[in-house]
Amino acid sequence: MFSAADHGFMGRALRLAELGLYSTTPNPRVACLIVKAGVIVGEGWHRRAGEAHAEIHALQAAGSQARGATAYITLEPCSHHGRTPPCAEALIAAGVSRVVAAMQDPNPQVAGSGLSQLAAAGIVVECGLMEAEARELNIGFVSRMTRGRPWLRMKLAASLDGKTALTNGVSQWITGAAARHDGHRWRARACAILSGIGTVREDDPQLNVRDVDTSRQPLKMVVDSRLELPLEARVLNGGGVLLATASEECEKSAALRERGAEIVCLPNADGKVDLPALMEELALRGINELHVEAGFSLNGALLAAGLVDELLLYLAPCLIGDAARGLFDLPALESLEGKRRLAVRDMRMLGADLRVLARCLP
């Protein structure tokens, strides 16, 4: 169905779409190539929400050469009026003769209607070229649109014996500089960075992106059931903090708001934060990818609730000992049948440390 040339052009489009890795949220990362007689005459990628979509940039670059050309797009063109006009209409008006899309848009407002609109206008439409790669690029957007919650990626740094901190809470630094820099790249692509009150009190993290060139900082979030966050915590510097709590309004609430925090109260029956409800709330706020850097308790609670999609684990070549803190607070198993299964997606060395990327299996 698709030629070697088709694969080459879509591969170029996917690489171009990656330029929006840190900036397009809550929109997907999308690129478009306009090709005529085997030559790229226009290309573009979506830079940030509210600005022109990839197709518009590509069509503007192609000009009159778009007529009779093929458009390679990493995601089905939109067909609805949002902050920008429909891209399907722009492609029709430009006179392209063929559109090749990597995948259908999972957004219910589109969901095939863009491709149908193109076909109804007499344009040859083909979909599914390098779909797996396109889906991976926008895994958070797909998750939010199809499951109503973000893609949750949990970052962990541990010794080879699976320990994340000493018994006194000291954890800096188990891994080396290369691993820490790589961790900031993953932070940068996320829409929000989540931690727990225990980690914030012990480590006083900033929960921001450093040493990585990005035009946008992710939303900072803390799960804090009893509103114990110190007013002098560094995470409050600069505002842009969402606190998820189970506590009712109190004097501390007003003080935290004065420091720039937004508070959302989502209690469960145990008086803790309702984590599934929190994920639904984040989806409503347009959070596609959620990056978690928390401790033993919150890590375990998220895993037990079935909310963790992917583990980003950095293992340092050292041993800390059995008394040190582990990765997850999970109940003891009576049988190995209850073990949590993972699928390793990638393994690589970063300096002296090993990075393992693994997906949680059902």
Side-chain angles (χ1 to χ4, degrees), residues 22-26 48-49 140 144 149-156 169 171-172 180 183-212 214-268 271-299 301-302 307-308 312:
Y22 301 160
S23 62
T24 64
T25 182
R48 55 186 59 84
R144 179 165 68 89
R149 65 179 178 89
W151 180 264
L152 193 156
R153 182 179 295 112
M154 182 175 286
K155 180 257 185 180
L156 306 133
S171 62
Q172 299 177 339
R180 296 197 298 274
H184 277 268
R185 291 196 306 106
W186 288 93
R187 280 187 180 189
R189 68 174 284 167
C191 305
I193 303 171
L194 173 69
S195 194
I197 183 59
T199 298
V200 172
R201 284 186 304 195
E202 290 178 353
D203 296 343
D204 196 19
Q206 299 178 67
L207 297 186
N208 59 9
V209 178
R210 303 182 299 279
D211 302 326
V212 174
T214 177
S215 61
R216 172 195 63 89
Q217 285 288 340
L219 174 69
K220 297 177 287 186
M221 294 182 55
V222 180
V223 173
D224 183 8
S225 295
R226 295 186 291 273
L227 288 182
E228 299 172 314
L229 182 68
L231 294 176
E232 65 277 10
R234 292 198 298 172
V235 72
L236 292 169
N237 294 341
V241 182
L242 179 65
L243 301 182
T245 185
S247 300
E248 298 296 330
E249 289 292 314
C250 61
E251 186 177 337
K252 184 70 173 290
S253 303
L256 287 166
R257 289 193 177 97
E258 287 182 7
R259 290 281 280 122
E262 181 184 357
I263 300 173
V264 57
C265 187
L266 297 168
N268 63 14
K272 297 182 179 180
V273 172
D274 186 325
L275 295 175
L278 177 59
M279 296 305 114
E280 293 175 7
E281 172 69 20
L282 294 181
L284 293 174
R285 291 170 178 256
I287 302 298
N288 294 330
E289 294 185 24
L290 178 62
H291 182 94
V292 175
E293 294 193 20
F296 182 69
S297 297
L298 183 54
N299 287 346
L302 288 166
L307 299 174
V308 180
L312 180 64

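Residue numbers run from 1 in the order of the sequence given. These numbers come from the heavy atoms of this one structure, side chains and all, not from hydrogens, waters or symmetry mates.
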Item to check | V209 and Y22: CA distance, side-chain angles, deciding distance, side-chain contact (heavy atoms from CB on, under 4.5 Å) verdict | outcome: CA-CA 11 Å; V209 178; Y22 301 160; over 6 Å; no

Item to check | V222 backbone acceptor or donor facing S195 side chain under 3.5 Å | outcome: no

Checklist entry - Is a donor on one side and an acceptor on the other found under 3.5 Å between the side chain of K220 and the backbone of V235? => result yes

Checklist entry - Would you find a donor on one side and an acceptor on the other, under 3.5 Å apart, between the side chain of S247 and the backbone of S225? => result yes

Checklist entry - Is the closest side-chain heavy-atom distance between K155 and W186 below 4.5 Å? => result no

Item to check | Steps toward side-chain contact (heavy atoms from CB on, under 4.5 Å) verdict (R259, N237) | outcome: CA-CA 8 Å; R259 290 281 280 122; N237 294 341; 3.4 Å; yes

Item to check | R226 CZ to K272 NZ distance, which is reported to the nearest 0.5 Å | outcome: 8.5 Å

Checklist entry - Taking all non-hydrogen atoms of both residues, which atom of C191 and which atom of G286 are closest, and how far apart? => result SG-O, 4.4 Å

Item to check | Residue list, side chain to side chain donor-acceptor pair (under 3.5 Å) with R216, at least two apart or on another chain | outcome: none

Checklist entry - Taking all atoms of both residues into account, what is the closest heavy-atom pair of A294 and T199, and its distance? => result C-OG1, 3.5 Å

Next on the checklist: Working to the nearest 0.5 angstrom, can you tell me the gap between L229 CG and L243 CG?
Outcome noted: 5.5 Å

Item to check | Donor-acceptor contact present, side-chain K252 to main-chain P230, <3.5 Å | outcome: no

Checklist entry - Out of curiosity, L236 CG to Q206 CD, how far, rounded to the nearest 0.5 Å? => result 12.0 Å

Checklist entry - Does D204 use its side chain to pair, donor to acceptor, with the backbone of R234 at less than 3.5 Å? => result yes

Next on the checklist: With rounding to the nearest 0.5 angstrom, report the CG to CG distance, L219 to L290.
Outcome noted: 9.0 Å

Checklist entry - Can you check side-chain contact (heavy atoms from CB on, under 4.5 Å) on R144 and I287, steps first, answer last? => result CA-CA 8 Å; R144 179 165 68 89; I287 302 298; 5.7 Å; no

Item to check | Distance in Å, C265 SG paired with L227 CG, rounded so as to fall on 0.5 Å steps | outcome: 8.0 Å

Next on the checklist: Within this structure, what is the CG-CE distance for the pair L278 and M221, rounded to the nearest 0.5 Å?
Outcome noted: 4.5 Å

Item to check | Side chain to side chain, L256 and L231, heavy atoms closer than 4.5 Å | outcome: yes

Item to check | Contacts of E293 that satisfy side chain to side chain donor-acceptor pair (under 3.5 Å) - sequence neighbours left out | outcome: R187, H291

Checklist entry - Which atom pair, heavy atoms only, marks the closest approach of G271 to A246? => result O-CB, 3.3 Å

Next on the checklist: Apply side-chain contact (heavy atoms from CB on, under 4.5 Å) to residues L282 and L242 and explain how you reach the verdict.
Outcome noted: CA-CA 10 Å; L282 294 181; L242 179 65; 4.1 Å; yes

Item to check | Nearest non-hydrogen partners of L275 and A301, listed with the distance | outcome: CD1-CB, 3.8 Å

Checklist outcome for this item: Smallest heavy-atom separation, V200 atom then P205 atom, equals CA-CD, 3.5 Å

Item to check | Side-chain donor/acceptor of R149 to backbone N/O of M279, under 3.5 Å | outcome: no

Checklist entry - Which pair of heavy atoms, one from E262 and one from R285, lies closest together, and at what distance? => result OE2-NH2, 2.7 Å

Checklist entry - Is there a donor-acceptor pair closer than 3.5 Å between any side-chain N or O of N288 and the backbone N or O of P26? => result yes

